[in-house]
Amino acid sequence: MERIVIFDTTLRDGEQSPGASFTVKEKLQVARQLEKLGVDVIEAGFPASSSGDFEAVKNIAQEVRGPIIAGLARAVLSDVEAAAKALEGIKKSRIHVFVGTSPIHMRHQLRKSPQEVFQMAVKAVEAAKGYASQVEFSPMDATRSNKNFLYQILEAVIEKGAGVINIPDTVGYSTPEEFGCLIGDIMKKVPNIKEAVVSVHCHDDLGMATANSLSAIKCGARQIECSINGIGERAGNTPLEEVVMALRTRKDFFGFFTGVHTEEIYRTSRLVSRLAGIPVQPNKAVVGQNAFRHQSGIHQDGVLKEATTFEIMTPSSIGLEEGELVLGKLSGRHAFRERLRKLGFELKDSELETAFRAFKKLAEKKKEVFDEDLVFIVEEKTLQIPEVYFLDYIHTVTGNKILPTATVRIRKNDKVFQEAACGDGPIDAAYKAIDRITGLKLTLADYSLRSVTGGKDALGEVMVKVEEKGNLVTGRGVSTDIIEASAKAYLNAINRLIYRGERLNEREAGKIKAGS
Ligand code: KIV
Ligand code: ZN
């Protein structure tokens, strides 16, 4: 069986999802989890696009040594140099050069002739070759490009040292049969194609990204570009969990394997959903809440008798364990630390102490504390951006015959602020009171609530998207009380806005530079 290379672009194309933005620290956290998951390549970002991206790629390159670390670059020298600088000093680096090759892109976006685009690609690949151990080239919008032009440009960049040729279905336009044929034609018509690995990068605009990617490997592609939960530009990218589990579940049909440790899939999916602020739809293949739930009596009966009657994969194959009852309010630090180790968390003493206190608080409120609750506590307490505003107290009065009101007390450094407001409901009232305290003019663009585990005393997780002057940020809050979780999520989004703004100011003042 041959291996399919898994190229993860959660931190690059994935971050292009509307509203998703990771801090540098969060990107590092995701990259470490991707390493545990066993992906072959991590596309860590687009270094020339912003100093934040530059910093993230650089940090990941220095800290995550298992997978190849890739940085994206337009086919221009300054982009290639920024990627080179971010990846400097590491052994397994890849510069991913791209340029639009379709008539639509060349004419309307680049405003360049095919000859000019050809030259740009060749020069950029040649330059990249001098800086990184590997070079990948993508003719953007390949599926709407002229095939002969595509063959010529691919041949030329392979000659200049591109070891990976990636064929993007940039606008999710292709169909499985057509895309497979395109890959097959490239394998036949590009004379030196055997000197490169052929990769595919599909978007899901018509819901065919997974099918297109799988069809491509049947026709010669050996690398799939994908993202966790399928996040990415517009309708997103090929979801990693879908292609990996399809290859594993149907190895009889495909005859390929990947290096992915599938038992890490669920944990990675949850982490990315939380940090990106993008909930996973319940019926999402592989990682959705309902993916292993059986509703009808006939199905339940079948699964109880023999799981394979209605399950083609086991929940444990993606790391979805039965909600295990773990700790109670009498559990000590040692048991707590051991349990977290088993869940994959190695905390510093100070972080452990903070998480332990939060666990005790939760255990007082909640009879049963499950693994998922612990994951939430740890991530909330150890991964957060600086808490400029901190919720100290919230009191709401509501009912169907009274005007809902909220009183909110917030700490900012050593100062305490209190405000009250009325609203359409208690959450609206709380958000208005918070707005009065912060003085910010915010628009709530999205709000979602889900319960972390079952039961009436379950933790509620609120995710919000908040907009201020065109800046969209996400926020997340967790509590057994959904109004408190809502207020925490809103403050988390505000803290993120402040964090972003501060970094922007520091950059403007020259304290942080791209490249430093
Ligand atoms: O969709 C696309 O074409 C891309 C390229 C940069 C590979 O994301
Ligand atoms: Zn893309």
Side-chain angles (χ1 to χ4, degrees), residues 19 274 277 279 329 354 357-370 372-373 376-377 379-381 384-469 472-498:
R274 250 172 259 140
K329 61 180 182 180
T354 317
R357 265 185 264 123
F359 153 70
K360 283 283 181 185
K361 230 168 133 186
L362 177 66
E364 287 292 334
K365 284 191 199 163
K366 202 172 178 291
K367 283 196 300 290
E368 301 171 324
V369 180
F370 293 91
E372 267 211 294
D373 296 322
F376 269 76
I377 289 173
E379 289 184 351
E380 199 186 24
K381 293 295 167 195
Q384 267 196 352
I385 48 154
E387 263 189 321
V388 178
Y389 288 105
F390 174 81
L391 182 68
D392 192 37
Y393 165 92
I394 180 161
H395 176 83
T396 54
V397 182
T398 189
N400 61 348
K401 296 271 159 60
I402 60 163
L403 189 62
T405 57
T407 307
V408 177
R409 196 163 65 217
I410 288 174
R411 264 179 215 286
K412 186 182 180 200
N413 303 323
D414 290 335
K415 294 208 176 92
V416 176
F417 301 87
Q418 184 160 310
E419 273 292 348
C422 323
D424 285 339
I427 295 170
D428 184 46
Y431 286 2
K432 284 189 172 132
I434 293 173
D435 286 346
R436 281 187 186 162
I437 293 172
T438 63
L440 294 168
K441 296 230 168 321
L442 304 176
T443 309
L444 184 66
D446 197 17
Y447 174 98
S448 73
L449 166 69
R450 70 162 209 131
S451 82
V452 175
T453 49
K456 285 186 189 149
D457 60 356
L459 278 178
E461 178 196 25
V462 172
M463 289 208 202
V464 293
K465 285 201 177 114
V466 167
E467 198 180 331
E468 194 225 13
K469 296 183 195 147
L472 194 63
V473 289
T474 58
R476 180 180 153 267
V478 179
S479 168
T480 47
D481 177 329
I482 60 166
I483 294 174
E484 187 183 2
S486 304
K488 281 181 166 179
Y490 198 64
L491 286 173
N492 182 244
I494 292 171
N495 287 332
R496 242 168 230 274
L497 268 175
I498 293 169

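Along the sequence shown, the residues carry numbers beginning at 1.
Contact check for V466 versus L444: side-chain heavy atoms found under the 4.5 Å cut-off. Using a 4.5 Å heavy-atom cutoff, the side chains of V408 and E419 are not in contact. The closest side-chain heavy-atom distance from M463 to T474 is not below 4.5 Å. At a threshold of 4.5 Å between non-hydrogen side-chain atoms, the residues D435 and Y490 count as touching.
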task: Output, in order, the C-alpha distance, side-chain angles, deciding distance and verdict of side chain to side chain contact (heavy atoms under 4.5 Å, CB included) for V464 and Y431.
output: CA-CA 12 Å; V464 293; Y431 286 2; 3.7 Å; yes
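Between P404 and A429, the shortest heavy-atom contact is O-CB, 4.0 Å. Nearest heavy-atom pair, G423 versus L403, reported as atom, atom and distance to 0.1 Å: O-CD1, 4.3 Å. Nearest heavy atoms, A489 versus V462: CB-O, 3.6 Å. For the residue pair N492 and G475, the shortest heavy atom distance occurs at OD1-CA, 3.2 Å. The two residues P426 and A406 come nearest to each other via the heavy atoms O-CB, 4.2 Å. Scanning all heavy atoms of the two residues, the minimum distance from E484 to S479 falls at OE1-OG, 3.0 Å.
Under the side-chain contact (heavy atoms from CB on, under 4.5 Å) test applied with V388, the options N495, I494, L497, T438 reduce to a single match, N495.
Taking CD1 of I402 as the reference point, atom SG of C422 lies at 10.0 Å (rounded to 0.5 Å). Between atom CG of residue L459 and atom CZ of residue R450 there is a gap of 10.0 Å, rounded to the nearest 0.5 Å. One finds the CD atom of E387 at 11.0 Å from the CD1 atom of I410 (value rounded to the nearest 0.5 Å). Summarising the geometry, atom CZ belonging to F390 is positioned 13.0 Å from atom CG belonging to N413; distances are rounded to the nearest 0.5 Å. One distance of note links CD1 of I394 with CD1 of I434; it measures 6.0 Å at 0.5 Å rounding. Taken to the nearest 0.5 Å, the CD1 atom of I483 stands 3.5 Å off from the OG1 atom of T396.
Under the salt bridge (charged side-chain N to carboxylate O under 4.0 Å, His left out) criterion, the residue pairs touching residues 404-414 are D392-R409, D392-R411, with sequence neighbours excluded.
Judged by distance alone, with hydrogens and angles left aside, the side-chain atoms of R436 form a donor-acceptor pair with the main-chain N or O of A420 at under 3.5 Å.
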